[in-house]
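Read the structure below first, then the notes.
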Amino acid sequence: MDYTNLIREELRPLRPYFPERYLADQNDPIWIDANENPYSEKWGRYPQPVNTRLQQEISKLRDFPADQIFLSHGSDEAIDLIIRTFCTPQQDAISVLSPAFEMYAHAARVSAVKVHTFRMEAPYQPSVKLAEEILTTPAKVLFLCSPNNPTGNLMPEPFMEKLLQEWPGIIVIDEAYIDFAGRSSKIGLIDRFPNLIVMQTFSKAFGLAALRIGMTFAQRWIVDTLEAVKMPYNVSQASCEIALDLLQKKGYPEAEIREIVNERQQLEQQLPQFPFVEEVYPSDANFLLVRCSHAKRLHQWLKEKGIFIRLRREPACQNCLRITVGTPGENTALHRALEHYARASQNAQL
Ligand SMILES: *Cc1c(COP(=O)(O)O)cnc(C)c1O
């Protein structure tokens with residue numbers, strides 16, 4: 001099957017922008033081609049449109065070909081670009097699950113692209129039957145998030161497998177939290193599935209959210225198209241250099257990830273002991289989705305104590321809170337605050 005027909009027709013002739021100065025290999029080049037200030041030093045020049053050093057670092061880290069990695073201003077930019085590359089406004093649609101990361105639907109709406117939403121109910125483990133339902137509804141792009149935000153769990157294998165085998169459009173698997181889930185990444189399947197895109201990010205496990213760097217893994221025809229559609233210089237050179245520097249100094253944050261997973265397991269055990277906690281959903285990520293009585297009241301109460309968690313508002317997440325695993329000190333502070341809240345509610349002081 002020729003998936004290149006999925007690209008919007010008017011975008012197919014586009015080629016990536018690449019300044020001539022970076023194609024030539026002269027000794028003392030004079031760069032008077034880009035209207036830069038010739039007196040400025042380190043940051044005065046437009047960089048190479050793609051940071052190949054960072055691509056190569058990621059390639060080593062993930063054992064994946066460097067020329068099949070697309071860098072973006074966070075995964076958020078990649079979500080927007082994927083939608084704009086494949087979906088014609090006022091005509092095409094994407095499919096998403098709910099509850100899931102809300103940027104997919106947001107980016108689609110901004111581009112006047114329809115959104116088909118498939119609702120999951122607790123405990124948010126979509127079945128092969130739901131996959132069949134998704135397959136009967138035409139859409140250009142299907143977004144899956146695994147581990148899923150806000151529910152925390154990896155999507156079940158039979159559900160994923162069915163969609164990988166049969167989805168006729170682009171299938172995006174958002175693996176923003178994959179480093180907390182062991183060896184379950186789907187990037188190894190990209191060889192077999194030309195329509196598969198896997199997204200990861202430096203914002204979560206790598207601890208570099210402020211730098212805004214996302215990584216997208218796919219076959220060359222997709223990466224080349226995204227390179228052609230994106231703005232030139234979409235990831236700043238400063239961000240790439242800081243990321244490279246930290247990767248070199250710290251390496252892969254394995255110890256931090258292990259610590260976060262340990263702390264998550266402790267919270268998973270502790271939280272159900274509170275009378276107001278009804279359910280702690282199993283998590284493969286660095287956060288927990290927790291169903292409580294009076295979630296809104298608890299959320300507000302913690303906020304007044306300076307502890308910020310997220311109140312979920314999706315219909316299938318009634319009374320759910322999403323709590324990110326912090327440092328041991330932060331988790332202890334949360335635990336104390338919850339004990340305090342439990343006493344206060346018992347004494348009807350709320
Ligand atoms: C946080 C998050 C992202 C966004 O990542 P950035 O690279 O910071 O834009 C993408 N997907 C999911 C599911 C997330 O939770």
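These numbers were taken from a predicted model, which means no experiment stands behind them. Along the sequence shown, the residues carry numbers beginning at 1. Just follow the structure's listing: the first ligand is 1, and inside any ligand the first atom is 1.
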Practice task
Taking the side chain as every heavy atom from C-beta outward, state whether Ile213 and Phe206 have any atom pair closer than 4.5 Å.
Solution key: no

Problem - Nearest-option assignment for atom 15 (O) of ligand 1, heavy atoms, candidates Tyr104, Phe101, Tyr177 - result: Tyr177

Practice task
Report, as yes or no, whether the 6.0 Å neighbourhood of atom CE on Met1 holds more than 12 heavy atoms from other residues, nucleotides or ligands.
Solution key: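 Yes, because the 6.0 Å sphere around CE of Met1 holds more than 12 heavy atoms from other groups.
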
Practice task
Can you label the angle between the Trp221 ring and the Tyr3 ring as parallel, tilted or perpendicular, going by 30° and 60°?
Solution key: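 Geometry flag for Tyr3 against Trp221: parallel rings.
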
Practice task
Hey, could you give me the CD1/CD distance between Ile173 and Gln200, rounded to the nearest 0.5 Å?
Solution key: 11.0 Å

Around [atom], find the nearest protein heavy atom and jot down its residue, atom name and distance.
| atom | answer |
| --- | --- |
| atom 1 (C) of ligand 1 | Lys204 NZ, 1.3 Å |
| atom 4 (C) of ligand 1 | Asp76 OD1, 3.6 Å |
| atom 12 (C) of ligand 1 | Asp174 OD2, 3.4 Å |

Exercise for the section: Return yes if a side-chain donor-acceptor contact under 3.5 Å exists between Gln265 and Gln269, otherwise no. Expected result: no

Handout entry: Under-4.0 Å heavy-atom contact with ligand 1, by part of Arg212 that carries it
Key = side chain

Completion exercise
Quick look: Ala176 vs ligand 1, heavy-atom contacts under 4.0 Å, and the answer is side chain

Practice task
Please state whether Ala209 comes within less than 4.0 angstrom of ligand 1, counting heavy atoms only.
Solution key: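 No, that is not the case, since the closest heavy atom of the residue is not under 4.0 Å from the ligand.
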
Exercise for the section: Could you tell me whether some N/O pair between Asn149 and ligand 1 is separated by less than 3.5 angstrom? Expected result: yes

Give every donor-acceptor pair under 3.5 Å between a side-chain atom in residues 86-110 and any protein atom, sequence neighbours left out.
unit_1 : atom_1 : unit_2 : atom_2 : d
Asp92  : OD2    : Thr88  : N      : 2.8
Asp92  : OD2    : Lys140 : NZ     : 3.3
Tyr104 : OH     : Asp174 : OD2    : 2.7

Practice task
Report yes if the distance between the aromatic ring centroids of Phe70 and Phe217 is under 6.0 Å, otherwise no.
Solution key: no

Completion exercise
For Gly74, the ligand 1 atoms with a heavy-atom partner under 4.0 Å come out as 6 (P), 7 (O), 9 (O)

